[in-house]
There are 2 protein chains.
Amino acid sequence: MSLTAANIAAKPKPAATEGNGCQRFNTMPGNGAQPKTNYCASCAAHDKALCSRLTGSDLAEFGSMSQHKTITAGQMLFSEYDDARYYYTVISGDVRLSRMLDDGRRQITGFKSTGDFIGLGTDGHFTADAEAINEVVVCQFTVPTLNQSLEEYSVVQGRLMEMMQEEVINLQNHMLLLGRKTPMEKIANFLVERAKKYSGVDLDGDAITEVDVKLPMSRTDVADFLGLTIETVSRTITKLRKNGVIALETAQHIVIKDIEELELIANGEA
Amino acid sequence: MSLTAANIAAKPKPAATEGNGCQRFNTMPGNGAQPKTNYCASCAAHDKALCSRLTGSDLAEFGSMSQHKTITAGQMLFSEYDDARYYYTVISGDVRLSRMLDDGRRQITGFKSTGDFIGLGTDGHFTADAEAINEVVVCQFTVPTLNQSLEEYSVVQGRLMEMMQEEVINLQNHMLLLGRKTPMEKIANFLVERAKKYSGVDLDGDAITEVDVKLPMSRTDVADFLGLTIETVSRTITKLRKNGVIALETAQHIVIKDIEELELIANGEA
DNA sequence: CCCAATATTTGATTAAAATCAATGCCTTAA
DNA sequence: TTAAGGCATTGATTTTAATCAAATATTGGG
C-alpha cells in the first residue's frame with residue numbers, strides 16, 4: 001500500500017533544492033544513556049502526530065527511520081511541483097501551505113504546526129508551496145520509508161486515515177468560509193479556530209469568555225488564507241476591537257473578550 | 001483499521017430517515033446464469049471506483065457485501081450530522097455535496113458521479129448534505145463492512161488512499177478558485193474541469209478545440225459551487241458566448257469552441 | 001539609541017459583484 | 001395548443017470590498 005497515487009498524471013515543472021539543515025534524529029542533544037524510545041515518547045508532537053498510537057519498541061523503530069530538520073523563517077520546505085521525496089510531521093513552529101496563480105495571487109490552503117502531517121494531497125509531486133513562518137523543526141520520512149511503515153504498522157495507517165478525514169473536513173469548512181462568508185464572519189471564524197486549536201483552553205467548558213490567541217503569521221498571510229485583502233483584514237479586526245469582542249495586545253497577540261459572541265459571528269448567527 | 005476517525009468529537013443534531021429504494025445487489029436484472037463476478041466486472045463505475053483493483057472472486061465477494069440503491073432527483077442520500085452508517089460509490093447520475101449556514105447560504109463542496117466515492121470527510125457523522133441532482137444509482141456498503149474490507153483487501157485500502165489524495169488536491173484547487181479567482185476565471189475553470197472529467201475526449205491531444213460539456217446541475221448549483229450568484233454565473237456565461245469561446249446548445253449543454261483559450265482564462269493567463 | 005525598512009492601520013475613491021426587478025424561455029400538464 | 005410555473009437571462013441600482021494613497025507603528029541593523 002502506497003500513500004502516493006501513482007496513477008495520477010504529474011504536471012511538468014522543475015524540482016527545487018534539497019538537503020540543508022538536516023541532522024540525524026538520533027544525534028539529538030540530551031542524555032546519551034537514555035533509551036531511544038524516549039526521544040519520540042517525549043516529543044512535543046507525539047500525541048497529535050502520525051505516530052501517536054505507537055509505543056515502546058515500535059515507536060523507537062519507527063522514529064529511527066526519521067530525521068529532524070530545522071528550517072529558518074521564510075525558508076521553503078518544498079515548492080509546488082517538486083518531487084515528493086519526503087513527508088513531514090511538524091515538531092515546532094508554523095508552516096504555511098499555499099498555491100499561487102501566475103500573476104502572484106496566492107491562496108493559503110492551511111497552516112500547519114505541532115503534530116500536523118505535511119504530505120496529504122500529493123500525486124508524486126507536491127501540489128503546494130510549504131514555507132516556514134518562523135523557525136520550524138520537522139520530523140521527516142522518505143516517501144518509500146513511510147509507505148513501508150504504513151504496511152508494517154496498521155495503527156500508523158489508521159492514524160493517517162484519520163488525519164486525512166480531518167483534513168477533508170477542514171478543507172470543506174474552509175470552502176464554505178471562502179465561498180459564502182462575509183469578511184467579518186471569515187475573521188471571526190479564523191480567530192475562533194485558532195483559539196480552539198492553539199489556546200489550550202477547553203472552550204466548551206462553561207464560563208470561559210476570554211482567550212489569548214497568538215497569530216504567528218502576517219496580515220498578508222491571514223488575507224491570503226481568508227480570500228481577502230490586508231486592508232479588509234485590518235479594518236475588520238479594528239471593527240471587532242471597537243465592538244469590544246476582541247482586544248489587541250499586539251498585532252500578533254489578540255485577546256478574545258467574548259468567545260461566544262465571536263462564534264455566533266463566525267457562523268452568521270449574529 | 002477504520003476509516004472513521006473515532007477520536008473526533010461529534011456534533012449534536014438528529015439523524016434522518018433511511019432505507020427507501022433499496023434492492024439487493026444480487027437481484028439485478030439480467031441473465032441469471034451469469035456468474036456473480038460479472039455484475040461488478042461489467043459495472044460502469046468499476047474502472048474508476050474503490051473496487052477498481054479487485055478482480056475475479058475477490059471482486060465478487062466484495063461486491064456481494066454491497067447493495068444498489070436508487071434515489072430520485074431532488075432526494076437526499078443523507079444530511080449533515082446524520083450518523084454515517086453507509087458509504088457509497090456512485091454508479092450513475094449526479095450527486096451534490098453541500099454545507100449550509102443557518103440563513104440558507106450554501107456552499108457546494110463537490111459534484112459526484114460515476115465511480116466517485118462518497119464518505120470522505122466524515123467523523124462518524126456526515127459533514128455535508130448529499131442530494132441527487134437527477135436519478136442516481138449508488139452502490140452502498142455499511143461502514144463496518146467497508147472497514148472490514150479495507151483490512152482484508154489491501155488493494156481496496158490503497159485505492160481509497162489514492163482517492164483521498166485526489167480529493168485533497170481537488171479541494172485545494174477549489175480553495176484557490178474560491179478565494180482568489182474572478183467570476184470569469186471561476187466559470188472558465190468550472191467548464192474546463194467538467195470537460196476534462198466528463199467529455200471522454202483526451203484534451204491533451206493536439207488539434208482538439210471543440211468539446212461538448214453537459215451540465216446536469218442548475219445555475220443555482222453552479223453559483224453555490226463557485227461562490228457566486230446565479231446572475232453573475234449567467235452574465236459570465238453570456239460574455240463567454242459573445243466572445244465565441246463557448247456556444248450554448250441549451251442552458252445545460254455547452255459547447256466549448258476554444259478549449260485552449262478557456263484554459264488560459266481559467267488560470268488567469270488571458 | 002536612532003534610523004531605515006517593513007508591517008499595519010486608516011482614509012478616500014473606484015470597481016466589481018450583489019441585490020433588486022423584470023422579462024424571456026422552456027417544460028409540462030391540462 | 002395554451003397556460004402556468006420554474007429556470008435562466010438581462011437590466012438598473014446599490015452595496016461591498018478592492019484599490020489607491022497615506023499615515024502610523026513596529027522591528028532589526030548599525
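First the proteins, then the strands, lettered A, B, ... as listed; each starts at 1. In this text the structure is predicted, and so the values were computed from the model without any measurement.
Nearer the 5' end of DNA chain C, as judged by each residue's closest nucleotide, is the contact made by A:K242, out of A:R180 and A:K242.
Listed pair A:Q252 / C:dT8 meets the phosphate criterion, a side-chain N or O lying under 4.0 Å from OP1 or OP2. Residue A:T238 places at least one side-chain N or O closer than 4.0 Å to OP1 or OP2 of C:dT10. Note on A:T232: a side-chain N or O is less than 4.0 Å away from OP1 or OP2 of D:dA18. Between B:R219 and D:dT9 there is a side-chain N or O to OP1 or OP2 distance below 4.0 Å. Proximity of B:R241 to the phosphate of D:dT10: a side-chain N or O atom is located under 4.0 Å from OP1 or OP2. The phosphate of C:dT19 (OP1 or OP2) has no side-chain N or O of B:T229 nearer than 4.0 angstrom.
When all heavy atoms of B:A84 and B:T122 are compared, the pair lying nearest together is CB-CG2, 4.0 Å.
As judged by a 4.0 angstrom heavy-atom cut-off over every strand, B:I237 is placed among residues making no nucleic acid contact. If you check every strand for non-hydrogen atoms under 4.0 Å, A:S234 touches a base.
Listed nucleotides: C:dT8, D:dT19, C:dA17. Nearest to the side chain of A:I230: C:dT8. The side chain of B:L248 sits closest to D:dT9 out of C:dA12, C:dT8, D:dT9.
Tested against B:D116 for a salt bridge (charged side-chain N to carboxylate O under 4.0 Å, His left out), the candidates B:K48, B:R96, B:K197 yield a single pass: B:K197.
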>> Determine whether A:Y88 and A:F117 satisfy the following criterion, ring-ring contact (aromatic ring centres under 6.0 Å, His included), listing intermediate values before the conclusion.
In response: CA-CA 6 Å; A:Y88 307 89; A:F117 183 77; 8.8 Å; no
>> Run the salt bridge (Lys or Arg N to Asp or Glu O under 4.0 Å) test on B:D224 and B:R99 for me, step by step, so that the C-alpha distance in whole Å, both residues' side-chain angles and the decisive distance to 0.1 Å come before the verdict.
In response: CA-CA 10 Å; B:D224 285 348; B:R99 285 175 53 80; over 6 Å; no
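Put simply, the side chain of B:E231 and the base of C:dC20 share a donor and an acceptor less than 3.5 Å apart.
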